[in-house]
Amino acid sequence: NAGVTQTPKFRILKIGQSMTLQCTQDMNHNYMYWYRQDPGMGLKLIYYSVGAGITDKGEVPNGYNVSRSTTEDFPLRLELAAPSQTSVYFCASGDRGREQYFGPGTRLTVT
Amino acid sequence: DAKTTQPPSMDCAEGRAANLPCNHSTISGNEYVYWYRQIHSQGPQYIIHGLKNNETNEMASLIITEDRKSSTLILPHATLRDTAVYYCIAITQGGSEKLVFGKGMKLTVNP
């Protein structure tokens with residue numbers, strides 16, 4: 001079991017560029033989540049999904065989009081990168097009534 | 001979900017028990033107390049959770065007061081590898097299982 005994998009590990013974007021952060025889990029979990037973590041702060045929920053084809057906004061969704069076409073994959077799309085999106089992004093998966101498993105994170109810098 | 005309060009930091013000597021407190025005075029009857037930790041910018045790691053009974057697993061013990069307004073996470077024999085930020089989170093199971101992270105508490109285990 002690889003658990004939750006995220007790619008890339010690091011990325012530098014210029015303002016206005018777009019990119020997709022990839023997240024894959026091999027635990028057949030129904031629930032998947034995207035969080036961001038700014039320096040010295042706790043994680044904040046961006047988007048989540050309770051199953052394929054179902055997504056919903058979290059606390060800080062502006063500037064991001066997601067899709068969930070399969071159980072395994074939950075990509076996060078940044079359309080027009082801004083310096084405020086410089087952060088560490090964590091993907092997680094879990095199930096109803098169970099703990100969440102987190103990926104290693106993607107460190108994104110927008111300059 | 002109920003707000004939780006933790007002290008910002010705590011030190012512990014290696015080999016000693018680390019007792020990490022958490023207040024959740026507004027917790028409702030169907031909210032569980034979950035503990036996660038984050039070691040040096042890695043993805044958070046699940047530790048333990050409970051509703052009202054004390055719980056123990058291979059990582060830690062969780063003691064919840066009878067009125068459920070507070071709890072204590074106990075690491076019985078802290079090691080240097082337990083140095084991390086610990087998050088106490090109250091969550092209602094059976095919904096989207098969204099986690100709301102505060103700033104957590106930095107535990108430093110000293111040799």
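In what follows, every chain begins at residue 1, and chains take the letters A, B, ... in the order their sequences are listed.
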Original post:
Do other residues, nucleotides or ligands put more than 12 heavy atoms under 6.0 Å from the CZ atom of B/Arg16?
Top reply: no
**OP:** Identify which part of A/Glu59 has an atom lying under 4.5 Å from any heavy atom of chain B, answering side chain, backbone, both or neither.
**Re:** neither
**OP:** Could you tell me the separation between the OH atom of B/Tyr46 and the CZ atom of A/Arg98, rounded to the nearest 0.5 Å?
**Re:** 8.0 Å
**OP:** Could you state whether A/Met32 and A/Met27 fall into the same hydrophobic cluster, counting links through intermediate Ile, Leu, Val, Met, Phe, Trp or Tyr residues with side-chain heavy atoms under 4.5 angstrom apart?
**Re:** no
Original post:
Just wondering, more than 12 heavy atoms not from A/Ile15 lying within 6.0 Å of its CD1?
Top reply: yes
**OP:** Output the distance between atom NZ (B/Lys98) and atom OH (A/Tyr31), rounded to the nearest 0.5 Å.
**Re:** 11.5 Å
Subject >> Interface moiety of A/Leu43 toward chain B, non-hydrogen atoms closer than 4.5 Å >> reply: both
Original post:
Side chains of A/Tyr33 and B/Glu97: closer than 4.5 Å at any heavy-atom pair?
Top reply: yes
Original post:
Can you name the nearest heavy-atom pair linking A/Met41 to B/Tyr87, along with the distance?
Top reply: O-OH, 4.1 Å
**OP:** Sort A/Tyr101 into side chain, backbone, both or neither according to what part of it lies under 4.5 angstrom from a heavy atom of chain B.
**Re:** neither
Original post:
For A/Val50, is it the side chain, the backbone, both, or neither that has a heavy atom closer than 4.5 Å to a heavy atom of chain B?
Top reply: side chain
Subject >> Contact origin within B/Ile91 toward chain A - heavy atom pairs under 4.5 Å >> reply: neither
Original post:
Can you get from A/Leu45 to A/Val88 by hopping between Ile, Leu, Val, Met, Phe, Trp and Tyr side chains that sit under 4.5 Å apart?
Top reply: yes
Original post:
Do A/Val60 and A/Tyr64 share a hydrophobic cluster (ILVMFWY, side-chain heavy atoms under 4.5 Å, transitive)?
Top reply: yes
Original post:
If you group Ile, Leu, Val, Met, Phe, Trp and Tyr by side-chain heavy-atom gaps below 4.5 Å, do A/Ile46 and B/Phe101 land in one group?
Top reply: no
Original post:
What are the residues of residues 26-41 of chain B, in order of number, with any heavy atom under 4.5 angstrom from a heavy atom of chain A?
Top reply: B/Tyr34, B/Tyr36, B/Gln38, B/Ser41
Subject >> Part of A/Asp95 within contact of chain B (heavy atom distance under 4.5 Å) >> reply: backbone
Original post:
Is A/Leu80 isolated, or which residues cluster with it under the ILVMFWY side-chain rule of less than 4.5 Å, directly or via members?
Top reply: none
